[in-house]
Amino acid sequence: MAEELGLRERKKLQTERRVWRTAVELFLERGFEKVSVQEIAAAAEVSKMTVFNYYGSKEDLVLKPMEHHAGDAAHAVRTRAPGESAAAAVCRQFVELLELRDPSVGLCDQQEVLSIRRLIVETPGLLLRAYANRMHGLQQLADVLAAETGGDRMEAQVAAGQLMAARNALINENHRRLLAGESADAVYPDAVAAAHRAFGLVEQGLGDYATRPAE
């Protein structure tokens, strides 16, 4: 039974990936607005209902994989080590993801990833949804900070806003350089240095705010 369940889950995952890849290929070929969910379903050889079983909306077909990373900064702060500040934790995680060339921090130069980035920027509905996703990530971070400091919601919002603004600025700069034709490996050293500078500026402004007490 366990083997059967494992096979069933693997098939579901394969179907989900096939639907996503088919949708992205069609969007890149013809534009997001000019492709219907019915056309995606037909090309992926599934029903329209199956598409919506995996993806709640047409926008999800592009953005759902990225939205798994909305809470990355909040997770970094929630799991930081004793004595580590919120800014240091977010910086550390960001640099680790840079080393992995992770798309979530804008340092993946695979052509498909860059094409999706262009698609988002050129499609108002997707750009608005991406912005909402960033705001969701900011709120998650603010909630963690407020809970841990016992505190002042306004201060938590300010701190989260500064950290996420620095993070988003870094991601945008990485995307800008990759879309201009530079390779991820070439950008990497500058991206790491920029991350330390950006979060260092936030650290100086926030001081010891939300530093976890040493054990």
Side-chain angles (χ1 to χ4, degrees), residues 6 9 13 60 63-110 113 116-117 120 129-178 182-215:
E9 291 304 313
L13 183 58
D60 281 345
L63 297 171
K64 184 178 177 180
M66 304 173 195
E67 291 179 352
H68 292 310
H69 293 279
D72 280 358
H75 177 74
V77 171
R78 189 184 300 111
T79 60
R80 71 196 185 283
E84 186 176 36
S85 70
V90 176
C91 181
R92 171 179 50 75
Q93 180 202 60
F94 194 90
V95 170
E96 289 171 353
L97 292 170
L98 288 174
E99 185 175 3
L100 295 173
R101 307 297 191 267
D102 196 287
S104 67
V105 292
L107 201 62
C108 178
D109 54 9
Q110 295 177 13
V113 173
I116 292 172
R117 170 67 178 177
I120 293 170
R129 173 73 174 269
Y131 174 76
N133 184 52
R134 288 187 173 188
M135 294 303 296
H136 181 56
L138 188 156
Q139 192 57 56
Q140 289 184 64
L141 179 56
D143 290 343
V144 171
L145 292 171
E148 291 208 6
T149 57
D152 190 302
R153 292 289 307 178
M154 183 277 294
E155 288 184 0
Q157 289 283 354
V158 169
Q162 291 185 46
L163 288 167
M164 294 303 286
R167 196 175 188 279
N168 292 334
L170 292 164
I171 292 171
N172 289 340
E173 176 62 10
N174 292 340
H175 278 143
R176 184 191 68 78
R177 293 184 63 176
L178 294 188
E182 296 184 67
S183 70
D185 289 344
V187 174
Y188 173 71
D190 290 343
V192 172
H196 286 294
R197 289 199 310 275
F199 291 113
L201 288 172
V202 177
E203 184 82 71
Q204 292 170 21
L206 297 179
D208 61 359
Y209 176 79
T211 297
R212 178 163 286 176
E215 295 180 344

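All figures in this text were calculated on a predicted structure; none of them were measured in a lab.
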Undergrad: How many angstroms lie between atom SG of Cys108 and atom CG of Asp102, to the nearest 0.5 angstrom?
TA: 8.0 Å
Undergrad: Mind checking the CD-CG spacing from Glu173 to Leu107? Nearest 0.5 Å is all I need.
TA: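 One gets 11.5 Å once the value is rounded to the nearest 0.5 Å.
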Undergrad: Say you draw a straight line from CD of Glu203 to CG of Leu201; how long is it, rounded to the nearest 0.5 Å?
TA: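 Spacing of CD (Glu203) from CG (Leu201) equals 10.5 Å.
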Undergrad: Regarding Arg167 and the six-membered ring of Phe94, is the cationic atom NZ or CZ under 6.0 Å from the ring centre and inside 45° of its axis?
TA: no
Undergrad: May I ask you to test the Arg101-Tyr188 pair for a side-chain heavy-atom distance under 4.5 Å?
TA: yes
Undergrad: In terms of side-chain heavy atoms, does Asn172 have a donor or acceptor partner in His175 at a distance below 3.5 Å?
TA: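 No pair is found: no donor N or O on one side chain lies under 3.5 Å from an acceptor on the other.
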Undergrad: Side-chain donor-acceptor pair under 3.5 Å between Thr211 and Glu84, yes or no?
TA: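 Side-chain D/A pair, Thr211 to Glu84: absent.
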Undergrad: Can you give the donor-acceptor pairs under 3.5 Å from side chains of residues 153-162 to other protein atoms, not counting sequence neighbours?
TA:
{"unit_1": "Arg153", "atom_1": "NH1", "unit_2": "Asp143", "atom_2": "OD1", "d": "3.3"}
{"unit_1": "Arg153", "atom_1": "NH2", "unit_2": "Asp143", "atom_2": "OD1", "d": "3.1"}
{"unit_1": "Gln157", "atom_1": "NE2", "unit_2": "Gln139", "atom_2": "OE1", "d": "3.1"}

Undergrad: Answer yes when Glu67 and Arg129 have at least one side-chain N-carboxylate O distance shorter than 4.0 Å, and no when they do not.
TA: yes
Undergrad: Quick one: do His196 and Cys91 satisfy side-chain contact (heavy atoms from CB on, under 4.5 Å)? Show the steps, please.
TA: CA-CA 7 Å; His196 286 294; Cys91 181; 3.6 Å; yes
Undergrad: How far apart are the closest heavy atoms of Leu138 and Met164, and which atoms are they?
TA: CA-CG, 3.9 Å
Undergrad: Counting only heavy atoms not in His75 (residues, nucleotides, ligands), do more than 12 fall under 6.0 Å from its NE2?
TA: no
Undergrad: Roughly how far, to the nearest 0.5 Å, is the CZ atom of Arg80 from the OG atom of Ser85?
TA: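 Result: 8.0 Å between the selected atoms.
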Undergrad: Please step through side-chain contact (heavy atoms from CB on, under 4.5 Å) for the pair Ile171 and Arg134, ending with a clear verdict.
TA: CA-CA 12 Å; Ile171 292 171; Arg134 288 187 173 188; 4.2 Å; yes
Undergrad: Looking at Ala70 and His136, what are the two nearest heavy atoms and their distance?
TA: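 Between these two residues, the closest heavy atoms are CB-CD2, 4.2 Å.
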Undergrad: Set out, in order, the CA-CA distance, both residues' side-chain angles and the distance that settles salt bridge (charged side-chain N to carboxylate O under 4.0 Å, His left out) for Glu148 and Arg78, then state yes or no.
TA: CA-CA 8 Å; Glu148 291 208 6; Arg78 189 184 300 111; over 6 Å; no
Undergrad: With side chains defined as the heavy atoms from C-beta onward, is the minimum distance between Asp72 and Val90 less than 4.5 Å?
TA: no
Undergrad: Starting at CG of Asp109, measure out to CG of Asn174 and round the result to the nearest 0.5 Å.
TA: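 Between Asp109 CG and Asn174 CG, I get 11.0 Å after rounding to 0.5 Å.
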Undergrad: If you compare all heavy atoms of Ala86 against all heavy atoms of Leu145, which two are closest, and at what distance to 0.1 Å?
TA: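 Looks like CB-CD2, 3.9 Å.
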Undergrad: Could you tell me whether Glu182 atom CD has more than 12 heavy atoms of other residues or ligands within 6.0 Å of it?
TA: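 It does: Glu182 CD has more than 12 such atoms within range.
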Undergrad: So with a 6.0 Å cut-off around CD of Glu96, is the heavy-atom count from everything else above 12?
TA: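 Atom CD in Glu96 is packed in, count exceeds 12.
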Undergrad: Roughly how far, to the nearest 0.5 Å, is CD of Gln110 from CG of Leu178?
TA: 11.0 Å
Undergrad: Which heavy atom of Leu98 sits nearest to which heavy atom of Ala195, and what is that distance?
TA: CD1-CB, 4.4 Å
Undergrad: Below 4.5 Å, heavy atoms only, C-beta onward: do Leu63 and Ile120 meet side chain to side chain?
TA: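 Result yes, sub-4.5 Å side-chain heavy-atom pair found.
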Undergrad: Any luck finding a side-chain donor-acceptor pair between Ser183 and Asp185 under 3.5 Å?
TA: no
